[in-house]
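The structure under discussion appears below in the form of structure tokens.
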There are 2 protein chains.
Amino acid sequence: MEESKGMFEPINRRTLHWEIVRQFQEKIISRQFNVGDKLPTERDIAAELNVNRATVREALKKMEVLGLIEIRHGNGIYVKDYLESGNLELFKEIIYMKDVVQIDVLRNILDIRKIIVPVMAGLAAENRTGEELAELQHIIEDEQMPMLEKDLNVHHLIARASRNLFYLFILNFFNQVFRDYGYLYFEVPENRERSKQFHNDILDAITRKDKSLAGKITADVLQYTEDAIYSYYRAVYGNEGGYS
Amino acid sequence: MEESKGMFEPINRRTLHWEIVRQFQEKIISRQFNVGDKLPTERDIAAELNVNRATVREALKKMEVLGLIEIRHGNGIYVKDYLESGNLELFKEIIYMKDVVQIDVLRNILDIRKIIVPVMAGLAAENRTGEELAELQHIIEDEQMPMLEKDLNVHHLIARASRNLFYLFILNFFNQVFRDYGYLYFEVPENRERSKQFHNDILDAITRKDKSLAGKITADVLQYTEDAIYSYYRAVYGNEGGYS
DNA sequence: TAAGACATATTGGTCGAACCAATAAGTCTG
DNA sequence: CAGACTTATTGGTTCGACCAATATGTCTTA
């Protein structure tokens with residue numbers, strides 16, 4: 001009731017270990033802790049944060065998986081170079097550290113996406129089974145499903161049909177980000193319409209097993225969404241977050 | 001002293017929570033647990049495995065980060081669809097579940113790699129600073145550094161110079177895998193020589209800021225390594241692990 | 001004196017039991 | 001029968017203790 005931002009307080013009721021991770025993450029990424037630094041012992045951290053050691057350990061476990069630290073039994077806890085050992089989960093954390101996705105990081109993601117996805121769509125057209133085709137059709141024809149959900153599912157099915165497990169896991173990254181921010185895109189009727197067209201076109205290409213067509217169609221829609229996103233950014237934030 | 005494999009026992013002395021993660025991971029990935037299944041309570045798991053609850057919790061924390069499960073306070077623990085929520089860390093775990101990297105999964109990785117890396121090398125040539133160029137030169141001229149290490153560093157620097165943070169984190173995945181298996185490749189003198197050539201060529205291209213040349217050089221060496229790896233697999237395992 | 005064996009301290013790993021907090025389910029009330 | 005209340009279930013946290021790997025200093029011995 002003391003908040004001024006809005007009616008409800010943005011839920012800070014996170015778990016304790018979550019909060020601990022956030023603090024260390026912040027300090028490590030901002031280089032307040034340097035690579036190779038030895039962190040205080042679990043006992044000292046617990047004492048300083050005024051929490052229990054078990055809670056600290058849970059936080060440390062998570063940070064270890066993220067590639068932020070290395071835990072050595074009987075020795076200590078050391079800060080790793082997250083630019084060398086960090087993984088996509090950490091990258092996601094970095095993205096979400098700010099309230100808004102920074103335009104330059106978003107650009108990074110879209111650049112990679114534009115390179116991979118069309119090729120994978122081509123492979124999907126080539127390798128898809130009849131079952132997968134039916135499934136794709138089923139998704140696309142579902143009138144109930146929100147367009148965002150539908151689009152995520154289409155891409156997921158393409159990933160599966162591409163037979164490239166590695167791509168599937170990379171796509172999960174894309175989808176997790178887009179699931180959080182995609183509503184902004186799909187709020188615009190024109191964009192929804194464009195995606196609907198894409199779904200129909202890609203269904204056609206995949207039905208006919210037309211590899212290059214699938215690739216082209218996908219490249220086109222990605223270019224469209226990219227342009228839409230950038231123009232959205234320009235409209236909302238101006239050019240400040242612009243090209244680095 | 002009871003082992004027969006070699007003089008030293010391959011360190012099974014893993015931590016308990018590590019072992020717990022392995023067991024659940026195995027069961028979830030092999031679909032012994034189905035998506036949406038509610039796992040036993042922490043207390044029950046601890047009782048059944050005959051370990052402490054705190055240990056179980058540490059394992060669960062890790063599985064949560066991997067995208068295998070969802071933990072709901074006051075409710076329970078649920079199995080997620082790892083094909084939808086799993087991340088690259090989980091993918092790595094999957095790779096390492098078998099003793100040898102399966103040829104089809106390796107092929108997946110190499111396919112994606114072949115798509116991305118040349119483009120990023122081109123960007124690196126375009127965007128590199130004088131400082132990064134000097135650093136690259138320094139790495140390449142270091143006669144002491146083992147070729148594997150050198151190669152990883154070269155790629156890492158290319159990633160940084162590409163200015164694409166997302167690529168940098170994807171590269172970390174590649175490098176972590178190659179750090180474990182790359183020695184097989186670099187054992188062969190011819191391959192070492194090929195990499196040396198690549199390093200010199202890419203240094204030249206990046207020095208001259210020649211984008212397309214950097215891309216071409218990189219594409220070439222990736223093709224070479226790919227061929228080498230496949231022929232190695234054929235030689236060692238025959239064609240069994242072949243095309244799916 | 002220097003190398004190796006040994007005791008000791010430090011630090012992460014595990015344990016057990018208890019209580020807090022969010023959720024779900026059952027029960028009572030109007 | 002809807003809604004408030006109570007209770008049980010289950011994850012989150014705490015405390016205090018002990019185990020196990022590692023590092024360090026010390027002592028013995030060649």
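Quick note on labels: first sequence line is chain A, next is B, and so on, each numbered from 1.
- The side chain of B:Asn75 approaches C:dT23 more closely than any other nucleotide in the set C:dG12, D:dG12, C:dT23.
- Taking every side-chain heavy atom of B:Thr15 into account, C:dG13 is the closest of C:dG13, C:dC15, D:dG11.
- Using a 4.0 Å heavy-atom cutoff across all strands shown, B:Lys61 reaches sugar-phosphate atoms only and no base atom.
- More than 12 heavy atoms of other shown residues, nucleotides or ligands fall within 6.0 angstrom of atom CZ in A:Arg72.
- The distance from atom CD of B:Glu70 to atom C1' of D:dT10 is 15 Å, rounded to the nearest whole Å.
- Of the possible polar contacts, none joining the A:Lys196 side chain to the A:Met147 backbone as a donor-acceptor pair under 3.5 Å is found.
- Each of C:dC15, C:dG13, D:dG12 was ranked by its minimum atom distance to the side chain of B:Ile71; first place goes to D:dG12.
- For the atom pair CD of B:Gln23 and CE of B:Met63, the computed distance is 10.0 Å after rounding to the nearest 0.5 Å.
- In this structure, of D:dA20, D:dT10, C:dT11, it is D:dA20 that holds the atom nearest to the side chain of A:His73.
- Rounded to a whole Å, the CD1 atom of A:Ile45 is 8 Å from the P atom of C:dG12.
- If you check every strand for non-hydrogen atoms under 4.0 Å, B:Arg57 touches a base.
- The separation between A:Ile20 atom CD1 and D:dT13 atom P is 8 Å, rounded to whole Å.
- A:Arg72 comes within contact range of the sugar-phosphate backbone alone, with a heavy-atom separation under 4.0 Å but no base atom that close.
- Projected onto DNA chain C by closest heavy-atom contact, A:Ala54 and A:Gly76 fall at different nucleotides, the more 5' of which corresponds to A:Gly76.
- Residue B:Thr55 places at least one side-chain N or O closer than 4.0 Å to OP1 or OP2 of C:dC15.
- Side-chain atoms of A:Arg53 and base atoms of C:dG13 include a donor and an acceptor less than 3.5 Å apart.
- Among A:Ile71, A:Val21, A:Val56, the single residue meeting the side-chain contact (heavy atoms from CB on, under 4.5 Å) criterion with A:Lys61 is A:Ile71.
- A close approach under 4.0 Å does not occur between any side-chain nitrogen or oxygen of A:His17 and OP1 or OP2 of D:dG12.
- For the pair A:Leu16 CG and C:dA22 P, the computed distance is 11 Å after rounding to whole Å.
- Atom CG in A:Leu39 sits about 16 Å away from atom C1' in C:dT10, given to the nearest Å.
- In this structure, A:Lys38 places its NZ atom 7 Å from P of C:dG12, rounding to the nearest Å.
- Ring pair B:Phe174/A:Phe166: centre-to-centre distance below 6.0 Å.
- Judged by distance alone, with hydrogens and angles left aside, the side-chain atoms of A:Asp37 form no donor-acceptor pair with the main-chain N or O of A:Val79 at under 3.5 Å.
- Here A:Leu60 lies out of heavy-atom contact (under 4.0 Å) with every strand.
- In this structure, the CG atom of B:Asn52 is 17 Å from the P atom of D:dG16, given to the nearest Å.
- Nucleotides of DNA chain D nearest to B:Asp44 and A:Glu58 differ in position, and the one nearer the 5' end is that of B:Asp44.
- In this structure, A:Glu42 places its CD atom 17 Å from P of D:dA20, rounding to the nearest Å.
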